Amino acid sequence: MNSASTHEPRGERAVTVRDAVIELLRRLRITSVFANPGSTELPMFRDFPSDFRYVLGLQEAVVVGMADGYAQASGNAALVNLHSAAGVGNAMGNIFTAYKNHTPLIVTAGQQARSILPFDPFLSSKDATELPKPYVKWSIEPARAADVPLALARAYHVAMQEPRGPVFVSIPVDDWDQPAQHVEPTQVSTAVRPDPQALQQLGAALDGCRRPAFVVGASVDRAGAWDGVVALAERHCARVFVAPMSARCAFPEDHPLFAGFLPAMREGIVVALAGHDLVVVLGAPAFTYHVEGRGPHVPDGATLFQLTDDPSAAAWIPTGSSVVGNLRLGIADLLARAAPQPRELPAARAARPRAAPSPLMSVAFALQSLAEVRDAADIVVEEAPSSRPDIQAYLPFTRGGTFYTMASGGLGYGMPAAVGVALARPGVRVIGLIGDGSSMYSIQALYSAAQLNLPITFVILNNSRYAALQDFAPVFGFAKTDPVQGTALPGLDFVTLGAGMGCKGVRVADPVQLKEALAAALASREPTVVEVIVA
Ligand SMILES: Cc1ncc(C[n+]2csc(CCOP(=O)(O)OP(=O)(O)O)c2C)c(N)n1
Ligand SMILES: [Mg+2]
């Protein structure tokens, strides 16, 4: 529940836009500003209040990525401040990602002074409100300076309403010292309870089926429905799959009902779900595809149901029925139904074989080593595309809120998101598990991590290439040995890059030494780069 309308200023000194905005943000528990400054933003930060924190990112992709991680890990909207059109442009990739991640962000950007806008001044943003579309839920440049505080209050509520996401407010530089009124706190609920009748159909299908499968996605974790999903799966003896490209963990991966990860391709999903007569997708699109596919979307004879907080994802469900609403509330309502007839427990997954050390270290061995030194409470923020299958096999997540990646496919998110997550969760160790290629899209995150002295271990999996694209090439008609242009990345030295930005670092090529290096980095609770040379 959160806070708008205006009331007359009290006291002698006239209230300015800046006063009203700071007070509003304070009441919304938003006292961190993720930003990169320019002239058009400077007045916002004059007399910066001592209970606020300016979190500097050296490139706007870093700024938005940090804010996204922070918002997700704190559960509240995060505030971003960018420099006019150029700053928004640099930020756009991660604004796209925040939109796909359903992360509540209030993205503000400076605009030139209203009085000179008719003269197309230096740095002015043309059609400022159009620039971040369509990847913001709402976009405004208030008609008057005095409307800025109220616009931010509305922006907050729009961002926090499910499905959550980024919103944009363009603020002319001369607005900050203009007179305004304080915004009255208002309460706005953020989650919608699913329609009981629609949920009754889903519940009846669950009660009546023989072999149910659940497909769980990021909204389960986002809504705090982790325990509810476990209870519902146990009650129905449902096998539980993770949705394709899920951006958060949503089920304990050591649970006997855990059945693995669905691929982002239609035929593969049908094969994985074969034998189930009911498929219930909880908190994910049905389904996220990466490549073209043919034929049915679920196995023949299976019925598809979805419970989602995203009306848009509900609208394109390819077959079956979708119920719209908050995951925690919907699962609670399903659990409130009478217990179904007992069902036979499905067979557990076969145990994975252990990875062995090899002269050129395999990713599987590297991740197995990480799993052995990691604490279950440590949080992993991942962006290492071709390593995903090995992460799924060798680095299990067993607790809610311990795994983050991006739902968009846009690289440059993971490095800064690790910083934001660590800021939001003081005392918790964070592991940034990042590919060599991915890390370079927003490598400046190392600087923020070092300046903030955060307990982050950046494990850079260095295979000197964009392996994911090389692996993908045969799907697009390349012969196995054909070169793939633009995918070799020789000559990157991450220990030196880290040192240049204030992070300690170590390079490990010998598999025998990896566990010790990882354990030392984690124990140091300092920002550290562990560059792992992998096959
Ligand atoms: C912004 C952006 N640019 C390009 C791509 C295309 N892309 C997908 S995976 C990938 C390679 C990532 O390399 P790395 O992090 O080293 O991981 P690896 O594939 O080697 O596991 C690239 C370039 C993308 N997804 N996003
Ligand atoms: Mg690579």
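Note that this is a predicted model, so its numbers are computed, not measured. For ligands, and for the atoms within them, numbers begin at 1 and follow the listed sequence. No hydrogens, no waters, no symmetry mates; every other heavy atom, side chains included, goes into these values.
Taking the six-membered ring for Trp and thresholds of 30 and 60 degrees, Phe261 and Phe258 have ring planes more than 60 degrees apart, a perpendicular arrangement. The aromatic rings of Phe472 and His290 lie perpendicular to each other, with more than 60° between the two planes, well past the 30° mark. Taking the six-membered ring where the residue is Trp, Phe45 and Tyr54 present perpendicular rings, their angle passing 60° and hence far from 30°.
With respect to atom 26 (N) of ligand 1, the closest heavy atom belonging to the protein is Leu411 N, 3.1 Å. Of all protein heavy atoms, the one closest to atom 19 (O) of ligand 1 is Ala468 N, 2.7 Å. In this structure, atom 21 (O) of ligand 1 lies nearest to the protein heavy atom Ser386 OG, 2.6 Å. Protein heavy atom closest to atom 17 (O) of ligand 1, with residue, atom name and distance, is Pro385 CD, 3.4 Å.
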- request: Under the salt bridge (charged side-chain N to carboxylate O under 4.0 Å, His left out) rule, what do Asp493 and Arg507 come out as? Steps first, then yes or no, please.
  value: CA-CA 9 Å; Asp493 173 349; Arg507 180 177 302 108; 2.5 Å; yes

message: For Asn94 and Met406: C-alpha separation, side-chain torsions, deciding distance, then whether side chain to side chain contact (heavy atoms under 4.5 Å, CB included) applies.
response: CA-CA 9 Å; Asn94 273 339; Met406 41 73 184; over 6 Å; no

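Every atom of ligand 1 with a heavy atom of Ala467 under 4.0 Å away is listed here by number and element: 18 (P), 19 (O), 20 (O). The ligand atoms of ligand 1 that sit less than 4.0 angstrom from a heavy atom of Arg465 are 16 (O), 20 (O).
Taking a 6.0 Å sphere around NZ of Lys137, one finds it holds more than 12 heavy atoms contributed by other residues, nucleotides or ligands. Annotation: Arg425, atom CZ; neighbour count of heavy atoms from other residues, nucleotides and ligands within 6.0 Å does not exceed 12. Glu516 CD: 12 or fewer foreign heavy atoms inside a 6.0 Å radius.
Looking at Ser439 next to ligand 1, no N or O pair under 3.5 Å apart turns up. Of the N or O atoms in Asp436, one or more lie within a sub-3.5 Å distance of an N or O in ligand 1. Residue-to-ligand polar distances place Gly409 within reach of ligand 1: an N/O pair is separated by less than 3.5 Å. At least one N or O atom of Gly437, backbone or side chain, sits closer than 3.5 Å to an N or O atom of ligand 1. In terms of polar-atom proximity, defined here as any N/O pair under 3.5 Å, Glu383 makes no such contact with ligand 1.
Nearest heavy-atom pair, Ala384 versus Ile434, reported as atom, atom and distance to 0.1 Å: CB-C, 4.1 Å.
Of the heavy atoms in Leu469, only side-chain atoms (C-beta onward) come closer than 4.0 Å to ligand 1.
Checking each of Pro311, Ser219, Pro104 against Pro163 for a side chain to side chain contact (heavy atoms under 4.5 Å, CB included) leaves exactly one that passes, namely Pro311.
By heavy-atom distance, the residue among Tyr466, Tyr441, Phe96 lying nearest atom 13 (O) of ligand 1 is Tyr466. Considering each of Gly414, Ser464, Ser438, Ser387, the one bringing a non-hydrogen atom nearest atom 15 (O) of ligand 1 is Ser438.
Side-chain contact check for Gln112 and Ser124: no donor-acceptor pair (N or O, by modelled atom type) lies under 3.5 Å.
Between the OG1 atom of Thr528 and the CD1 atom of Ile431 there is a distance of 11.5 Å, given to the nearest 0.5 Å. How far CZ of Arg164 is from CD of Gln72: 10.5 Å, rounded to the nearest 0.5 Å.
The tally of protein N/O/S atoms under 2.8 Å from the Mg ion (ligand 2) stands at 3.
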